[in-house]
Amino acid sequence: MNTQLAVGEVRTSVDGKRSEIKNRYLESLTLIERLHRRLLDVIKDDFDRNGEKEVNPVQALLLFNIADAELTAGELKTRGHYQGSNVSYNLKKLVELGYVNHERSSSDKRSVRISLTTKGEDIRARVDALYNRQLSALEQVVGLSTDEFDKLNKALGRLERYWTDQILYRM
């Protein structure tokens, strides 16, 4: 009888720990989604205050992530948090609006290399300036230090690698 009770207690303990980590995992997933949406809101608010109506926040982040590189849409997708059709649609709009140059590869006609125009560089600089303004308040107002960002980035990187392994190795 004592053995059965001990097994039951162990099972309850394991279930309790699993429930605890599941709650924290789900909370983290919710926070990650909300943070990305909130970042887009912050960029939109900054652009609205400065009269920028031509570029939406997703497009502004695309321009920021292109930076001074010359890359393909696929490479851009792996750098950021974009879905394939979203990248293609937004890149097409940014080319039409004159923010991005696109050029077919001479060796592979299917591949298109993209880079920022001067107009695109201006938007990238505005997003960078927004981030720089936020940096001055992060430690003082929010209380986030370099060490805390290191821990956060390490944990998020490990989670990303885990999810990547789930896909690659069909775990």
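Along the sequence shown, residues carry numbers from 1.
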Can you list, pair by pair, the side-chain donor-acceptor contacts under 3.5 Å of residues 23-31, counting residues two or more places apart and other chains?
| residue | atom | partner | partner atom | Å |
| --- | --- | --- | --- | --- |
| Asn23 | ND2 | Ser19 | O | 3.3 |
| Arg24 | NH1 | Glu20 | O | 3.3 |
| Tyr25 | OH | Trp163 | NE1 | 3.2 |
| Ser28 | OG | Arg24 | O | 3.0 |
| Thr30 | OG1 | Leu26 | O | 3.0 |

- Query: Got a second to check how far Leu62's CG is from Asn86's CG, nearest 0.5 Å?
  - Reply: 7.0 Å
- Determine, stepwise, if the pair Ile167 / Thr164 fulfils side chain to side chain contact (heavy atoms under 4.5 Å, CB included). CA-CA 5 Å; Ile167 296 165; Thr164 300; 5.9 Å; no
Donor-acceptor pairs are to be reported for all side-chain atoms of residues 152-162 against protein atoms at under 3.5 Å, with residues two or more places apart or in another chain.
| residue | atom | partner | partner atom | Å |
| --- | --- | --- | --- | --- |
| Asn153 | ND2 | Phe149 | O | 3.2 |
| Tyr162 | OH | Gln166 | NE2 | 3.3 |

- Item | With sequence neighbours excluded, residues passing side chain to side chain donor-acceptor pair (under 3.5 Å) with Arg124 | none
- Would you please name every residue forming a side-chain contact (heavy atoms from CB on, under 4.5 Å) with Val142, sequence neighbours left out? Leu138, Leu144
- Query: Got a second to check how far Leu61's CG is from Asn56's CG, nearest 0.5 Å?
  - Reply: 9.5 Å
Distance-only criterion, 3.5 Å: show the donor-acceptor pairs between side-chain atoms of residues 91-102 and protein atoms not counting sequence neighbours.
| residue | atom | partner | partner atom | Å |
| --- | --- | --- | --- | --- |
| Tyr99 | OH | Glu54 | OE1 | 2.4 |

- Side-chain donor or acceptor of Glu148 paired with backbone N/O of Ser145 under 3.5 Å: yes
- For Val55 and Ala60 the tightest heavy-atom approach is CG1-N, 3.5 Å
- Pairs touching residues 60-71 that satisfy salt bridge (Lys or Arg N to Asp or Glu O under 4.0 Å), sequence neighbours left out: Glu70-Arg113
- Would you mind reporting whether Leu130 and Gln134 have side-chain heavy atoms less than 4.5 Å apart? yes
- Message: Within a 6.0 Å radius of atom CD1 on Ile21, are there more than 12 heavy atoms belonging to other residues, nucleotides or ligands?
- Response: no
- Report the residues that fulfil salt bridge (Lys or Arg N to Asp or Glu O under 4.0 Å) with Glu52, sequence neighbours left out, ordered by chain and then residue number. Arg126
Solution key, residues 40-51 side-chain donor-acceptor pairs under 3.5 Å, sequence neighbours excluded:
| residue | atom | partner | partner atom | Å |
| --- | --- | --- | --- | --- |
| Asp41 | OD2 | Arg38 | NH1 | 2.7 |
| Lys44 | NZ | Asp48 | OD2 | 2.7 |
| Asp45 | OD1 | Arg49 | NE | 3.4 |
| Asp45 | OD2 | Arg49 | NE | 2.8 |
| Asp45 | OD2 | Arg49 | NH2 | 3.1 |
| Asp46 | OD1 | Arg133 | NH2 | 2.6 |
| Asn50 | ND2 | Asp46 | O | 2.8 |

- Message: Quick check for you: to the nearest 0.5 Å, what is the distance between Asn90 atom CG and Leu63 atom CG?
- Response: 9.5 Å
